[in-house]
Amino acid sequence: MKASMRHTNNIEKIFDVAIIGGGINGVGIARDMAGRGLSVLLCEKGDLGGATSSASTKLIHGGLRYLEHLEFRLVRESLSERAILMKSAPHIVTPLRFIMPKVAGGRPRWLLKLGLYLYDHLAARGDIPSAKALDLKQDQAGDALVSSLKRPALSYWDCWTEDNRLVILNAIDARDRGASIYTHMRVEKARRHNDLWHLDALSAPSDEPPLAYGFKARSLVNAAGPWAGQILSDQIGYDIPKRLTLVKGSHIVVPRLFSHESAYLFQNTDGRIIFAIPFEQNFTLIGTTDIVFKGDLDNPEISQEEIDYLIDVASKFFKKPPDRSDIIFSFTGVRPLYGAEDNPSKVSRDYHLELDAPDNKAPLLNIFGGKLTTYRCLAQEAVHALGRTMPISSKDWTEKAILPGGDLPYGADFKRNLEDFMGCYAWLPEPLARRYLRTYGSLADRLLEDCNSFEDLGAEIAPDVYEAELAYAMAHEWVRDGVDFLYRRTKLGLSTPEKDRQSVDRWLHEQASNNVQKQETQLKI
């Protein structure tokens, strides 16, 4: 231990379960378990959803291409979860139409129609329209495409989401139900001693030297995402499963390539599919790649080859395709997939749970794989697995539970919800009210609870970013710096000038420094 490190703060409380990892699976499990009355500890070494869970294609979908691999159970489960999430978080999970042009050498039209028919048949659709044929010469979606694609196409519906906000809503719900959630808390060692797990962890608030903490729990869940194998090997002392495959997926963000609100699914000549999705009003999101990853998990980056690949695909389909100079932003995530395949695109996106529970020993549950859409049922299955080794309420509850912010008066009818919201906050400019409601849902009331006029929002730190929102993000959403707020909780960083991004970061760091003593006190449970 470094000389600059302070003494270890041994936490006397014994938790029912400790979770390593604050991505979508970790917070989903924390929420489910806390809702059953268990005492839950979650340690995340960085920001919540700061890695793979914020680097997705932002879709809540059944996985149309999984039908090719005969993964009917996964598709059915994913489509069922799509319907559940539309109801539980209508402000951040919204239907989106996808256009699928027919390409020479691609999958035959009869196969695509059969796949879409089966996709609709497996779905609990709710308000999602069915797939249908589409004439790109008549539909606005054809205007942006090269002329060779203006032949009969197909369209179908799935859902889009704010991936990091989905993580945060689960974390808020878990915390509100009693879970202890600590960000920037790295578990250095986890050792089993009879019926308890002992965790050694380091926390580094602000720029202070690391603080050492000791925790105890009756069970341990390894939900560290791409680090799950590393945690298993280095922190716990087990062998990494041979079937664990790390796959990198990258995306690029460019200025808006089309004016309509539909997305595209493009079939590339190598058999892969690439999405082009309207993103944050002024941009288009293009991705994803699929490459076996063996680099530094803490710093995955898009490669030049991946950029070339995505630009090349876009150039085959769009009349005015982007080039390298148009790329405003890119992001990369690494998935821990369970399965051995030479082609990473063929590795199943299904999840795999491994329970290690020797007699009279504290159980360990390892989570491998999974996808954003199926996090809730993964969490439920994780609870059931641990329930075989320790007393846990068998009553499942998350399927019909609304996520924080989702209890809007008019459900998914955003127009009516906005009218209602502006009726309560007539002093808010309409664009700001729209963003608050779309981002926070009914939690916007919590953000604005001390505000009775526009002046109460405080100083404008960046365009349309006021002190009240930043203070709320710090107090309720674990925000510590500008990247947390501008690129994860919101995507305002895409359109905020550099000097203003620095202003946001500086304001947050100043507030964090002022709160260091308070944070240290809160850590002493």
Side-chain angles (χ1 to χ4, degrees), residues 49-59 65 98-101 103 105-106 144-146 148-149 160 163-164 225-226 245-258 263-337 342-347 349 371-372 483 486-488 491-498 501:
T52 307
S53 295
S54 291
S56 75
T57 314
K58 324 299 180 191
L59 300 181
R65 69 186 180 91
F98 288 80
I99 310 301
M100 191 189 309
V103 295
L145 302 178
V146 296
S148 62
L149 295 174
W160 174 92
D163 48 9
N164 185 263
T245 302
L246 296 180
V247 176
K248 180 175 73 164
S250 298
H251 300 75
I252 58 174
V253 177
V254 299
R256 191 71 177 256
L257 296 175
F258 44 89
Y264 295 98
L265 183 156
F266 297 137
Q267 301 176 73
N268 197 24
T269 52
D270 61 1
R272 280 197 44 71
I273 59 172
I274 298 295
F275 293 103
I277 301 171
F279 189 55
E280 298 297 316
Q281 289 80 52
N282 299 319
F283 308 99
T284 298
L285 175 66
I286 302 174
T288 180
T289 58
D290 256 341
I291 299 173
V292 173
F293 182 76
K294 295 182 180 179
D296 180 3
L297 279 172
D298 289 324
N299 295 288
E301 295 181 347
I302 188 170
S303 67
Q304 295 304 313
E305 291 77 13
E306 288 176 289
I307 291 175
D308 290 342
Y309 178 84
L310 295 175
I311 292 291
D312 179 66
V313 172
S315 68
K316 294 175 183 177
F317 291 90
F318 288 113
K319 282 181 183 176
K320 297 180 179 180
D323 57 33
R324 283 175 168 273
S325 63
D326 293 317
I327 297 175
I328 293 169
F329 186 65
S330 65
F331 58 89
T332 297
V334 179
R335 286 181 171 187
L337 303 181
D342 293 333
N343 183 349
S345 295
K346 293 183 179 180
V347 182
R349 269 50 179 175
K371 56 199 287 280
L372 193 69
V483 172
L486 292 170
Y487 289 98
R488 286 195 279 267
K491 300 299 182 291
L492 294 172
L494 295 174
S495 53
T496 301
E498 172 63 22
R501 295 200 297 269

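Residue indices begin at 1 and follow the sequence shown. No hydrogens, no waters, no symmetry mates; every other heavy atom, side chains included, goes into these values.
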> For Phe331, what residues pass the ring-ring contact (aromatic ring centres under 6.0 Å, His included) criterion, not counting sequence neighbours?
Replying inline: His251
>> Rounded at 0.5 Å granularity, tell me how far CZ in Phe293 sits from OG in Ser303.
In response: 10.5 Å
> Is the backbone of Thr496 close enough, under 3.5 Å, to the side chain of Arg501 for a donor and an acceptor to pair up by distance?
Replying inline: yes
>> Can you confirm whether Arg272 sits close enough to Val313 that some side-chain heavy atom of one is under 4.5 Å from a side-chain heavy atom of the other?
In response: no
> Is Asp163 paired with Arg488 through a side-chain N to carboxylate O contact shorter than 4.0 Å?
Replying inline: no
> Parallel, tilted or perpendicular for Phe318 and Tyr264, by the 30°/60° rule?
Replying inline: perpendicular
> Hey, mind stepping through Ile311 and Ile252 against side-chain contact (heavy atoms from CB on, under 4.5 Å) and telling me if it holds?
Replying inline: CA-CA 9 Å; Ile311 292 291; Ile252 58 174; 3.9 Å; yes
>> Ignoring hydrogens, what is the shortest heavy-atom contact between Ile273 and Arg65? Give both atom names and the distance.
In response: CD1-CD, 3.5 Å
> Can you tell me how far the OG1 atom of Thr289 sits from the CG atom of Leu310, to the nearest 0.5 Å?
Replying inline: 6.0 Å
>> Tell me the closest heavy-atom pair linking Pro226 and Leu297, and the distance in Å.
In response: O-CD1, 3.4 Å
>> With a 3.5 Å distance limit and no angle check, can you tell me whether Lys294 reaches the backbone of Leu246 through a side-chain donor-acceptor pair?
In response: no
> Which pair of non-hydrogen atoms, one from Glu301 and one from Thr332, has the smallest distance, and what is that distance?
Replying inline: C-OG1, 3.4 Å
> Which value, rounded to the nearest 0.5 Å, describes the distance between Arg335 atom CZ and Ser53 atom OG?
Replying inline: 10.0 Å
> Where do Arg324 and Gln304 land on the side chain to side chain donor-acceptor pair (under 3.5 Å) test, with the steps shown first?
Replying inline: CA-CA 10 Å; Arg324 283 175 168 273; Gln304 295 304 313; 2.4 Å; yes
> Are Lys58 and Ile277 close enough that some pair of their side-chain heavy atoms sits under 4.5 Å apart?
Replying inline: no
> Looking only at heavy atoms, what is the nearest atom pair of Leu494 and Ile328, with distance?
Replying inline: O-CG2, 4.1 Å
>> Nearest 0.5 Å, please: how far is CD1 in Ile291 from NZ in Lys248?
In response: 5.0 Å
>> Walk me through whether Asp270 and Tyr309 qualify under side-chain contact (heavy atoms from CB on, under 4.5 Å).
In response: CA-CA 11 Å; Asp270 61 1; Tyr309 178 84; 2.7 Å; yes
> Is there side-chain contact between Phe266 and Leu145, with at least one heavy-atom pair below 4.5 Å?
Replying inline: yes
> Do the ring planes of Phe275 and Phe98 sit parallel (below 30°), tilted (30 to 60°) or perpendicular (above 60°)?
Replying inline: perpendicular
>> A side-chain contact here means heavy atoms from C-beta on lying under 4.5 Å apart; do Pro322 and Ile327 qualify?
In response: no
>> Show, in sequence, the C-alpha distance, side-chain angles and deciding distance for Ile274 and Phe317, and conclude whether the side-chain contact (heavy atoms from CB on, under 4.5 Å) test is met.
In response: CA-CA 11 Å; Ile274 298 295; Phe317 291 90; over 6 Å; no
> With no hydrogens and no angle check, is any side-chain donor or acceptor of Ser54 less than 3.5 Å from a backbone partner on Gly49?
Replying inline: yes
Donor-acceptor contacts, no H, no angles, side chain residues 278-288, under 3.5 Å, sequence neighbours left out:
from	atom 1	to	atom 2	distance (Å)
Thr284	OG1	Leu257	N	3.0
Thr288	OG1	Ser250	N	3.1
Thr288	OG1	Ser250	O	3.3

> Step by step, would you call Asn268 with Lys316 a side-chain contact (heavy atoms from CB on, under 4.5 Å)?
Replying inline: CA-CA 9 Å; Asn268 197 24; Lys316 294 175 183 177; 3.0 Å; yes
